[in-house]
A.B. asks: 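A single structure is presented below for examination.
Per chain, numbering begins at 1; letters A, B, ... match sequence-line order.
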Protein chains: 2
Amino acid sequence: MFKPVIPVRAYERVVEQIEQAIVEGDLQPGARLPSERDLMTQFGVSRSTIREALRVLQSNGLVRSRPGDPRGPEVLGVSAVNLHNSMNRLARATMSLGELLQFRMLLEGSAYRLAALLRSEEELAEMEAALAEMRAAVDDGYSAFSAADVTFHDAVARATQNKLVVVCSDVVRGVVLDLIADRLAHADDQRALMLTYLRHHTEVLQAIRDQDGVRASRLARQALHDSYASYLPEEQRAMLAPLLD
Amino acid sequence: MFKPVIPVRAYERVVEQIEQAIVEGDLQPGARLPSERDLMTQFGVSRSTIREALRVLQSNGLVRSRPGDPRGPEVLGVSAVNLHNSMNRLARATMSLGELLQFRMLLEGSAYRLAALLRSEEELAEMEAALAEMRAAVDDGYSAFSAADVTFHDAVARATQNKLVVVCSDVVRGVVLDLIADRLAHADDQRALMLTYLRHHTEVLQAIRDQDGVRASRLARQALHDSYASYLPEEQRAMLAPLLD
DNA sequence: TGGCATTTGTACGTATGTATC
DNA sequence: AGATACATACGTACAAATGCC
């Protein structure tokens, strides 16, 4: 019959109103909010309340305020930074390596399929460049190699033209690499590892070049499985098998 | 040689430290933070600074503080609510229906494959129950039908045992349904629509029953495409085709 | 049960460094 | 270069709410 009453703080209502104005498009990116002093008169609350609201909006990437700027806080618009942060946090704090790898295989499997068929020539060139960089970095050690690897995967994700694919791929790849970073650092033969990765990437890029989505997807999933399954505890390996052909 | 200096606010360093303690597990859910006054002495900053930090943490779902609680702010731990919120915001504010459908086909295509092979008998029973509910709700109107539909999809997502699959599916499905809600409400023959959905769900559930992941995946993607592609502007339909067999 | 101590929510004032015109 | 307006940060104060005895 009756619903529990949740007290709504003053700063929350300030956040609500400003956030809505930004999401609805009434406040375009680049626009300026009134100064904190103006906001306190407009909302009829104290400066602290306004500041708490602005901090929340800022942590969500919606606005940015700099000291001394007479034009007031800047509207940044809706960005992916907060999504990135919260997904990162959830992944690191609550997900097993198996769960993450499963999601990465699921995501990249389809992303590579899409990328193979939707890519432009410019995007293909970016991937080629990243692969060349990887090849060149084999002798420069693993960290340089890994940076080029990230560039490659990012180019593929961006070729899908799908914002959620880009963000999810980026986050999940980052967390997975972090979780096994120490084991990679102590690998017996880093060079052999890099050469294996290089072969995988070369094959999948050929499939993307050929616009063969099904092959690109299969290669991507298989490569992920082959590269990382050995780092998994025995009982988590079964989660990955259903995603292989 | 030198990198640009980004000013780090006092409250950000407070957020960093507390957030890290929560994500690393040093602060378990249910634990209590020191009172604001204690925090200001421990961090050596003013109370406003502490409060701004707490607001940010609270908006990220990591802590909750209630007025008058002598035990101090409560640690909630890392949950998916913030991920849910930020993904929702990004999807609604910046993504086209085509982009969302593309992601949904990508995600559910693999999710159904996983669910078919990893589901337990209990999870299968949940899906059966949800489908029965849908069947019964055909005569109760679209909103009741849709609620049962959500239950079905959620049961499938949870059967994957993958937190990111659950959250992403939930968000994307919600936004897609919202975007076409008005067009569904004015559909000429809602009953025929519901019967079509019902047939799709019956087929895909049979595939899950048979543990035929490939078939479940293909049926799920095809059903999404058949159900929603007509709501897309012409130029966005090409984005979906690469995800069909 | 009621009262007390403590905590949070909010408001206001002030000093300081900074960006813009 | 100076004036102005701004955000940052600190401190104090008081009301409302909570938990505990």
A.B. asks: Run the salt bridge (charged side-chain N to carboxylate O under 4.0 Å, His left out) test against A:Glu99 and tell me which residues pass, sequence neighbours left out.
C.D. replies: B:Lys163
A.B. asks: Once side chain to side chain contact (heavy atoms under 4.5 Å, CB included) is applied, do any residues pair with A:Gln161, and if so which ones, sequence neighbours excluded?
C.D. replies: A:Glu123
A.B. asks: Any residue in residues 54-66 of chain A with a heavy atom nearer than 4.0 angstrom to DNA chain D? Just list them by number, or reply none.
C.D. replies: A:Arg55, A:Ser65, A:Arg66
A.B. asks: Please tabulate, for side-chain N and O atoms in residues 68-80 of chain A, each donor-acceptor pair with protein atoms closer than 3.5 Å (sequence neighbours left out).
C.D. replies:
from: A:Asp69; atom 1: OD1; to: A:Arg71; atom 2: N; distance (Å): 3.0
from: A:Asp69; atom 1: OD1; to: A:Arg71; atom 2: NE; distance (Å): 3.2
from: A:Asp69; atom 1: OD2; to: A:Arg32; atom 2: NH1; distance (Å): 3.2
from: A:Asp69; atom 1: OD2; to: A:Arg66; atom 2: NH2; distance (Å): 2.9
from: A:Asp69; atom 1: OD2; to: A:Arg71; atom 2: NH2; distance (Å): 3.4
from: A:Glu74; atom 1: OE1; to: A:Arg64; atom 2: NH2; distance (Å): 2.7
from: A:Ser79; atom 1: OG; to: A:Val81; atom 2: N; distance (Å): 3.2

A.B. asks: In whole Å, what is the span from the OH atom of B:Tyr11 to the C1' atom of D:dA7?
C.D. replies: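 The answer, rounded to whole Å, is 12 Å.
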A.B. asks: Could I get the full list of salt bridge (charged side-chain N to carboxylate O under 4.0 Å, His left out) partners for A:Glu12, not counting sequence neighbours?
C.D. replies: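 With sequence neighbours excluded, A:Glu12 shows a salt bridge (charged side-chain N to carboxylate O under 4.0 Å, His left out) to no residue whatsoever.
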A.B. asks: B:Thr49 near the nucleic acid: base, sugar-phosphate alone, or nothing, with a heavy-atom cut-off under 4.0 Å?
C.D. replies: sugar-phosphate
A.B. asks: Considering only heavy atoms of chain A and a distance under 4.0 Å, specify the first and last nucleotide of DNA chain C in 5' to 3' order that meet this criterion.
C.D. replies: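 Under 4.0 Å from chain A, the extent on DNA chain C is C:dG9 to C:dT20.
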A.B. asks: Quick check: do A:Ser169 and A:His153 have side-chain heavy atoms less than 4.5 Å from each other?
C.D. replies: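 No, their side chains stay 4.5 Å or more apart.
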A.B. asks: As an exercise, state the distance from CG of B:Leu240 to CG of B:Leu224, rounded to the nearest 0.5 Å.
C.D. replies: 8.5 Å
A.B. asks: Using distance only, find each side-chain donor-acceptor pair of residues 171-187 of chain B under 3.5 Å and give its atom names and separation, not counting sequence neighbours.
C.D. replies:
from: B:Asp178; atom 1: OD2; to: B:Arg92; atom 2: NH1; distance (Å): 2.9
from: B:Arg183; atom 1: NH1; to: B:Tyr231; atom 2: O; distance (Å): 3.1
from: B:His186; atom 1: ND1; to: B:Asp182; atom 2: O; distance (Å): 2.7

A.B. asks: Any side-chain N or O of B:Arg71 under 4.0 Å from OP1/OP2 of D:dT18?
C.D. replies: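 Checking D:dT18 against B:Arg71, no side-chain N or O comes under 4.0 Å of OP1 or OP2.
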A.B. asks: Does OP1 or OP2 of D:dG11 have a side-chain N or O of B:Arg47 closer than 4.0 Å?
C.D. replies: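 Result: no.
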A.B. asks: Which residues pass the side chain to side chain contact (heavy atoms under 4.5 Å, CB included) test with B:Gln17, sequence neighbours left out?
C.D. replies: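 B:Gln17 satisfies side chain to side chain contact (heavy atoms under 4.5 Å, CB included) with B:Phe43 only.
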A.B. asks: Ignoring backbone atoms, test whether A:Arg51 places a side-chain nitrogen or oxygen under 4.0 Å from the OP1 or OP2 oxygen of D:dT8.
C.D. replies: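 A:Arg51 to D:dT8 OP1/OP2: side-chain N or O found under 4.0 Å.
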A.B. asks: B:Glu52: what forms a salt bridge (charged side-chain N to carboxylate O under 4.0 Å, His left out) with it, not counting sequence neighbours?
C.D. replies: A:Arg51, A:Arg55
A.B. asks: Return the residues of residues 28-43 of chain A meeting this criterion: a heavy atom under 4.0 Å from some atom of DNA chain C. Order them by number, or give none.
C.D. replies: none
A.B. asks: Kindly state each residue pair satisfying side chain to side chain donor-acceptor pair (under 3.5 Å) with at least one member in residues 20-31 of chain A, sequence neighbours excluded.
C.D. replies: none
A.B. asks: Of all residues at least two apart in sequence or in a different chain, which pass the side chain to side chain contact (heavy atoms under 4.5 Å, CB included) check with B:Ser46?
C.D. replies: B:Ser48, B:Thr49
